[in-house]
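Hydrogens, waters and symmetry mates are skipped; everything else that's a heavy atom, side chains included, is used.
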Protein chains: 2
Amino acid sequence: MISTPRAVMTENFIPPIRQPIDRSPTSQTIGSIVRLATHETVFMEGDDAQSLYRVMAGAVRLCKILPGGRRLITDFAFKDDQFGLELDAHHKVTAETIGPTVLLRTRRCPPMQQEQTEFHDNIVDALRRDLSAAQAHVVILGHPEARARVAAFLMSMIRRLSAGHPHTIDLPMSRQDIADHLCLTIETVCRSLSELRRAHVIDIPSRHRIVIKDVNSLETMTTGEE
Amino acid sequence: MISTPRAVMTENFIPPIRQPIDRSPTSQTIGSIVRLATHETVFMEGDDAQSLYRVMAGAVRLCKILPGGRRLITDFAFKDDQFGLELDAHHKVTAETIGPTVLLRTRRCPPMQQEQTEFHDNIVDALRRDLSAAQAHVVILGHPEARARVAAFLMSMIRRLSAGHPHTIDLPMSRQDIADHLCLTIETVCRSLSELRRAHVIDIPSRHRIVIKDVNSLETMTTGEE
DNA sequence: CGAACACTTGAGAGACCTCAAACAGCGTGG
DNA sequence: CCACGCTGTTTGAGGTCTCTCAAGTGTTCG
């Protein structure tokens with residue numbers, strides 16, 4: 001049973017607009033801007049890996065469909081995150097937008113000679129991040145208890161999404177996305193969030209907004225102990 | 001509760017014997033041979049990461065102690081596997097031998113100018129393997145059912161350990177190690193193995209030897225479906 | 001041969017999953 | 001403007017599976 005049978009392959013890239021982009025430490029190359037609506041596919045598992053993407057606005061989910069039919073979301077990409085780096089010819093995950101999203105696409109062209117080492121450093125950095133993310137994911141999935149996984153997920157979202165207010169997060173992804181990331185069912189995710197709310201650890205003013213009221217409790221819940 | 005409270009820090013490296021080593025594609029440098037007995041510590045989480053290791057004989061487990069006190073084995077290293085690569089100053093896992101083990105230790109010295117790119121390639125290769133391993137681990141932990149995890153673990157061991165006979169594996173690690181790798185209890189691992197035996201999918205002639213009688217069944221069990 | 005250790009098996013409790021139903025937000029059409 | 005339907009979310013009840021606690025079996029080593 002596929003969690004969300006919505007893998008629509010829509011390739012409506014706007015005509016690539018060549019323009020100079022801000023030169024941040026990790027991307028010193030020219031790219032093209034790609035604007036996508038909600039639930040559009042950037043690339044699919046198995047596609048040729050020809051471009052590297054950087055989120056300028058919005059959010060993307062990276063997922064795999066497992067042989068059993070379940071969907072596994074390996075990671076999310078938010079503003080300033082890179083994704084799509086592969087070291088062989090094909091993508092190993094599918095990338096889909098969670099909401100309206102603006103991406104910077106960098107074509108993977110043969111780099112100039114003087115850019116070679118810089119390109120290399122960029123690859124190593126991206127690999128490091130991907131590896132760290134995968135290892136953190138393993139740690140989260142290592143907790144058998146749903147509360148610990150959800151708490152760890154919220155802690156990670158605090159670090160990545162709480163621009164400005166450190167106690168408020170706007171989750172762009174659906175409950176189902178969270179469930180497929182934590183390898184739980186959507187009901188268990190909902191129940192865990194409700195438990196946290198009843199325990200006065202968080203508040204849920206609206207569906208996708210979470211207010212952290214007790215970061216310490218959330219942190220301790222991360223370990224599975226209470 | 002720590003699964004196996006046996007993290008003994010024994011540093012009885014034999015005096016490093018400088019000698020030329022076989023020049024495989026991934027290690028074209030001089031190293032020193034390290035001989036360790038069972039359950040000895042190669043390095044611990046937090047130690048300075050100064051060396052890269054390669055298993056010449058035996059096996060090593062790479063583990064973390066989580067804040068809650070549980071042990072998580074992130075990976076195993078068998079013959080010809082490399083481990084210990086870190087991109088910052090400290091190791092993020094603890095490495096312990098599973099049985100009598102011989103390692104090739106390569107000091108992480110500042111590489112010569114002409115070796116720089118080669119060293120770089122080596123790092124990228126190691127990162128790729130670590131990343132693939134972490135992603136595969138995530139997929140295994142994604143299965144909520146114990147049988148699927150154990151089946152996936154056995155399939156992975158077939159690929160990595162079945163030298164010669166593709167249907168026989170000699171597992172060097174203990175049941176507790178397997179449990180801490182799959183994030184299950186030792187009892188559940190035992191029960192899953194017994195179930196597989198009763199289902200005539202595997203045979204267990206001795207504790208650490210497993211004979212695969214029906215690879216197809218094992219493969220399908222990997223998905224969680226039956 | 002005995003003791004320590006690792007492994008296996010059993011019984012009961014708790015947690016998550018499955019199935020089901022109710023609720024809320026949102027856009028559409030009357 | 002409101003009814004309606006659709007989608008996504010939340011809550012409830014029961015079953016199944018794993019974990020906990022416990023006892024028993026087999027191996028290895030002194």
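Taking atom CD1 of residue A:Ile202 and atom C1' of nucleotide D:dT10, one finds them 13 Å apart after rounding to whole Å. Put simply, CZ on B:Arg149 is 13 Å from C1' on D:dC19, counting in whole angstrom units. Following rounding to the nearest Å, B:Asp177 (CG) and C:dC5 (P) show an atom-to-atom distance of 16 Å. Rounded to a whole Å, the CD atom of A:Gln176 is 13 Å from the C1' atom of C:dC17. In this structure, the CG atom of A:Leu171 is 15 Å from the C1' atom of D:dG8, given to the nearest Å. Distance CD (A:Glu195) to P (D:dG12): 12 Å, rounded to an integer number of Å. Going from atom CG of B:Asp180 over to atom P of C:dC7 covers 12 Å, rounded to whole Å. Between B:His143 atom NE2 and D:dT18 atom P there is a gap of 14 Å when expressed in whole angstrom units.
Neither side chain, A:His90 nor A:Asp47, offers a donor N or O lying under 3.5 Å from an acceptor on the other.
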Under 3.5 Å, which protein N or O atoms sit close to an N or O of nucleotides 8-15 of chain C? Give each pair with its distance.
residue, atom, partner, partner atom, Å
C:dT8, OP1, B:Arg175, NH2, 3.1
C:dT8, OP2, B:Arg175, NE, 2.7
C:dT9, OP1, B:Arg197, NH2, 3.3
C:dT9, OP2, B:Ser194, OG, 2.3
C:dG10, N7, B:Arg191, NH1, 2.8
C:dG10, O6, B:Arg191, NH2, 3.3

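Remark: A:His208 is not in phosphate contact with D:dG8, judged by side-chain N or O atoms under 4.0 Å from OP1 or OP2. Taking 4.0 angstrom as the limit, A:Ser174 places none of its side-chain polar atoms (N or O) nearer than this to OP1 or OP2 of D:dG8.
A salt bridge links B:Asp75 to B:Arg160: one of the charged nitrogens lies within less than 4.0 Å of a carboxylate oxygen. For A:Asp177 and A:Arg71, the salt-bridge test passes: some basic side-chain N is under 4.0 Å from an acidic carboxylate O. No salt bridge links B:Asp180 with B:Arg61; every basic N to acidic carboxylate O contact stays at or beyond 4.0 Å.
Under the 30°/60° scheme for interplanar angles, the aromatic rings of A:Tyr53 and A:Phe83 are found to lie parallel.
Summarising the geometry of A:His208 relative to A:Ser174, their closest heavy-atom pair is CE1-CA, 4.0 Å, with the distance given to 0.1 Å.
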